[in-house]
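Let me begin by presenting the structure, written as structure tokens, before commenting on it.
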Amino acid sequence: MTDTTIVHLLRHGEVHNPERILYGRLPGYRLSEDGVLMAKAASRWFADRDVTALVSSPMQRALETAAPLADALGLPVTVDDRLIEAGNHFEGLTFGVGTGSLRRPEHWRHLVNPFRPSWGEPYKLLVARMRAAVIRARETALGHEAVCVSHQLPIWILRLHAEHRRLWHHPARRECSLASLTSLTFEGSRLVEVAYSEPAAGIATGPDVAGA
């Protein structure tokens, strides 16, 4: 058995969100029609891969993204709560000036510290839980490949940590598009490569919602 294991972090597909709110951990947010196509595109990308473990965030949009992979690969979906979306004070709100939540002074105190950050789950805690989920997936798929379906911010923060970059950042600069893959290659327990790909590129029709 080879010592090489790859853990793919798959961001969920586009969500039906006509009001363009930060839905975070709110229940009931399903994939849009394009999101379903994205999930199917991702499943085709994995068709010839040596995937032996499929893990998902408990959120509906992540489970719906995992479903076509489960069918294509003949694998059950294991839920890992550590892959869930990051906590966010602005969950359920629109974010911006104009008619968004930033025009309301009661929210301003949640913006004072971008390094922690003050508006949500601390980056260090986010790294810790995502790293633990990846280690579990790596151990489960040892010598093969695993897919973990998660969310933009958790995936991006783990990548920043893996590449020894600072954790605080501008949301618009995240390289983690809908249904994209951030792939971590390990030799034994040592991370040797981080790769990024977009198997569903070209399917999305609308702008992404950073933090959603």
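Quick caveat, the model's predicted, so the values are computed rather than measured. Side chains included, hydrogens not; waters and symmetry mates left out as well; all remaining heavy atoms used.
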Point to revise | Stepwise side chain to side chain contact (heavy atoms under 4.5 Å, CB included) check, Leu178 with His12 | key: CA-CA 6 Å; Leu178 291 162; His12 62 79; 4.3 Å; yes

Practice item. Apply side chain to side chain donor-acceptor pair (under 3.5 Å) to Thr4 and Glu187, showing your working. Key: CA-CA 5 Å; Thr4 302; Glu187 295 293 344; 2.9 Å; yes

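Atom CZ of Arg136 has 12 or fewer neighbouring heavy atoms from other residues, nucleotides or ligands inside a 6.0 Å radius. The number of heavy atoms from other shown groups lying within 6.0 Å of CZ (Arg165) is above 12.
With contacts defined as side-chain heavy-atom distances shorter than 4.5 Å, the pair Leu167/His161 qualifies.
A cation-pi contact, defined as under 6.0 Å to the ring centre and within 45° of the axis, is absent between Arg61 and Tyr29.
Taking the ring centroids of Trp156 and His151, they lie at or beyond the 6.0 Å cut-off. Taking the six-membered ring wherever Trp is involved, the centroid distance between the rings of Phe46 and His8 falls below 6.0 Å.
A salt bridge is defined here as a Lys NZ or Arg NE, NH1 or NH2 lying under 4.0 Å from an Asp or Glu carboxylate O, and Glu85 with Arg25 fails to meet this definition.
Evaluation of the salt bridge (Lys or Arg N to Asp or Glu O under 4.0 Å) test over residues 67-82, restricted to residues two or more places apart or in two chains, returns Asp80-Arg82.
Between Tyr123 and Glu121, the side chains place no donor N or O within less than 3.5 Å of an acceptor N or O (distance only, hydrogens not considered).
When every heavy atom of Trp45 is checked against every heavy atom of Arg49, the shortest pair comes out as O-CG, 3.7 Å.
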